[in-house]
Protein chains: 2
Amino acid sequence: MSKIQVAIAEDQAMVLGALAALLETEPDIAVCARATNGRAALTALGTHKTDVLVTDIEMPEMTGLTLAAEVRDRWPDVQVIILTTFARPGYLRRALDAGAKGYLLKDRPSAELADAVRRVHRGQRVIDPELASEAWNSEPDPLTERERQILWRAGEGRSSADIAAELHLSEGTVRNYLSEAINKLGAANRVEAARLARSKGWL
Amino acid sequence: MSKIQVAIAEDQAMVLGALAALLETEPDIAVCARATNGRAALTALGTHKTDVLVTDIEMPEMTGLTLAAEVRDRWPDVQVIILTTFARPGYLRRALDAGAKGYLLKDRPSAELADAVRRVHRGQRVIDPELASEAWNSEPDPLTERERQILWRAGEGRSSADIAAELHLSEGTVRNYLSEAINKLGAANRVEAARLARSKGWL
DNA sequence: GCGCCCGGATGACAGATGTCACCCCGGACC
DNA sequence: GGTCCGGGGTGACATCTGTCATCCGGGCGC
């Protein structure tokens with residue numbers, strides 16, 4: 001029985017090498033390709049027979065999400081696992097839309113990676129359990145487009161007057177939107193509101 | 001000849017496990033402890049005889065920089081290597097001040113890690129070359145310890161009164177420190193000041 | 001002892017921020 | 001036509017922030 005051929009895409013070279021070492025310790029898995037960005041991963045897939053692709057999301061050149069969609073179109077029998085820091089429901093949904101079969105968080109125990117590779121190779125789906133449930137019954141983004149625009153800028157440290165000028169609004173209106181957002185998010189002020197929204201992936 | 005005993009502290013469990021696997025592939029290195037935050041690393045050092053500690057900077061509970069300083073005081077013969085994503089001169093300087101012997105970036109090739117461990121164990125220093133030159137001619141951290149403490153909390157969205165209570169200071173004093181910091185950094189308000197300081201690695 | 005600096009505190013003041021009640025106007029819906 | 005939103009605006013008010021000048025007490029150098 002031959003080993004499962006795995007390709008890895010991850011922009012931090014040290015982490016890439018370490019993940020490869022981790023998978024190589026498994027007797028039934030072999031790392032056949034490594035890439036530090038999405039585009040390089042595509043070329044690699046062209047030259048190495050690959051069963052499973054493990055990829056980060058945030059990479060230069062081409063993100064893991066675009067990469068996953070591309071792989072689904074060009075090598076439909078390569079299974080894709082997204083491995084990322086971000087527990088954002090929005091990312092998960094986009095990953096699944098792009099045809100990914102697995103979505104794993106970097107703060108899960110390292111043993112789960114090899115496991116996920118095997119299961120995905122057998123045709124199963126592997127979604128981080130917490131995230132899966134959270135994605136389903138998670139409150140949807142309560143912010144309106146305006147509130148998002150304004151909260152974002154406020155989080156950068158810009159003043160109400162400044163933001164008002166940029167968006168061609170009156171200063172009072174900007175303060176009203178911020179007040180709304182702070183209230184919706186249950187925060188104590190604009191800074192906390194911005195932090196909260198960012199952490200939920202709404203900004 | 002016995003193996004070099006290495007402890008690793010890194011908050012993303014998957015990366016922690018992967019780094020351990022990476023080091024375990026080296027015949028002369030053994031991973032004797034793993035921790036997902038600074039405080040856990042300290043306890044681990046108390047129970048395992050350790051030669052080298054490899055630690056991330058940004059971790060919950062206790063950052064790698066505080067950890068390094070603590071280790072220098074309590075186990076002076078444990079050599080510390082900082083392994084981080086951030087090429088911030090301020091971080092490097094603080095790491096060296098905290099007694100770290102190595103400063104390595106996560107986007108360096110993974111082969112450099114084992115190498116760095118060996119060299120640091122032999123008593124050498126290992127500093128990322130690009131960063132080393134950059135660090136020398138960059139402005140030093142203008143903030144005092146108090147200013148750092150306060151600015152950090154302000155950046156989290158806490159109010160002056162809140163911060164004053166936590167640090168047992170008067171609210172006016174907190175505002176004074178913030179004013180000083182804002183002024184030193186040339187920012188327009190506390191939020192911008194915090195962002196600036198963070199980007200320079202001073203927070 | 002005498003300065004002198006440093007961390008911390010006060011008080012006062014201008015300006016920014018957060019909240020609320022209420023107004024205006026242009027669609028959409030009946 | 002009327003009515004009911006929803007985006008945007010106004011004004012007023014209470015706090016919170018940022019700034020400055022000034023003060024106090026404890027080390028430290030001499």
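Residue numbers begin at 1 in each chain, while the letters A, B, ... track the order of the sequences.
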Take atom [atom1] of [X] and atom [atom2] of [N], then tell me their distance rounded to the nearest Å.
| X | N | atom1 | atom2 | answer |
| --- | --- | --- | --- | --- |
| A:Q149 | D:dG7 | CD | P | 13 Å |
| B:E145 | C:dG8 | CD | C1' | 16 Å |
| A:E147 | C:dG18 | CD | C1' | 15 Å |
| A:N183 | C:dT19 | CG | C1' | 10 Å |
| A:L151 | C:dT17 | CG | C1' | 14 Å |
| B:E180 | D:dG18 | CD | C1' | 12 Å |
| A:L167 | D:dG8 | CG | C1' | 13 Å |
| B:I150 | C:dA9 | CD1 | P | 10 Å |

Any [X] side-chain N or O less than 4.0 Å from OP1/OP2 of [N]:
| X | N | result |
| --- | --- | --- |
| A:R146 | D:dG8 | yes |
| B:S179 | D:dT19 | yes |
| B:S160 | D:dT17 | yes |
| B:R175 | D:dC16 | no |
| A:T144 | D:dG7 | no |
| A:T173 | D:dG9 | yes |

A side-chain contact here means heavy atoms from C-beta on lying under 4.5 Å apart; do [X] and [Y] qualify?
| X | Y | answer |
| --- | --- | --- |
| B:L53 | B:V6 | no |
| A:L169 | A:I150 | yes |
| A:V52 | A:I4 | yes |

Side chain of [X] only, please: which of [options] is the nearest?
| X | options | answer |
| --- | --- | --- |
| B:N176 | C:dG18, D:dG18, D:dA21 | D:dA21 |
| A:L169 | C:dG18, C:dA21, D:dG8 | D:dG8 |
| A:S170 | D:dT10, C:dA9, D:dG18 | D:dT10 |
| A:S159 | D:dT19, C:dT17, D:dT17 | C:dT17 |

With salt bridge (Lys or Arg N to Asp or Glu O under 4.0 Å) as the rule and sequence neighbours excluded, what pairs involving residues 168-191 of chain A come up? A:E147-A:K184, A:E171-A:R175
Looking at NZ of A:K106 and CG of A:D128, how far apart are the two atoms once the value is rounded to the nearest 0.5 Å? 14.0 Å
So what does A:N189 touch, heavy atoms closer than 4.0 Å: a base, only the sugar-phosphate, or nothing? sugar-phosphate
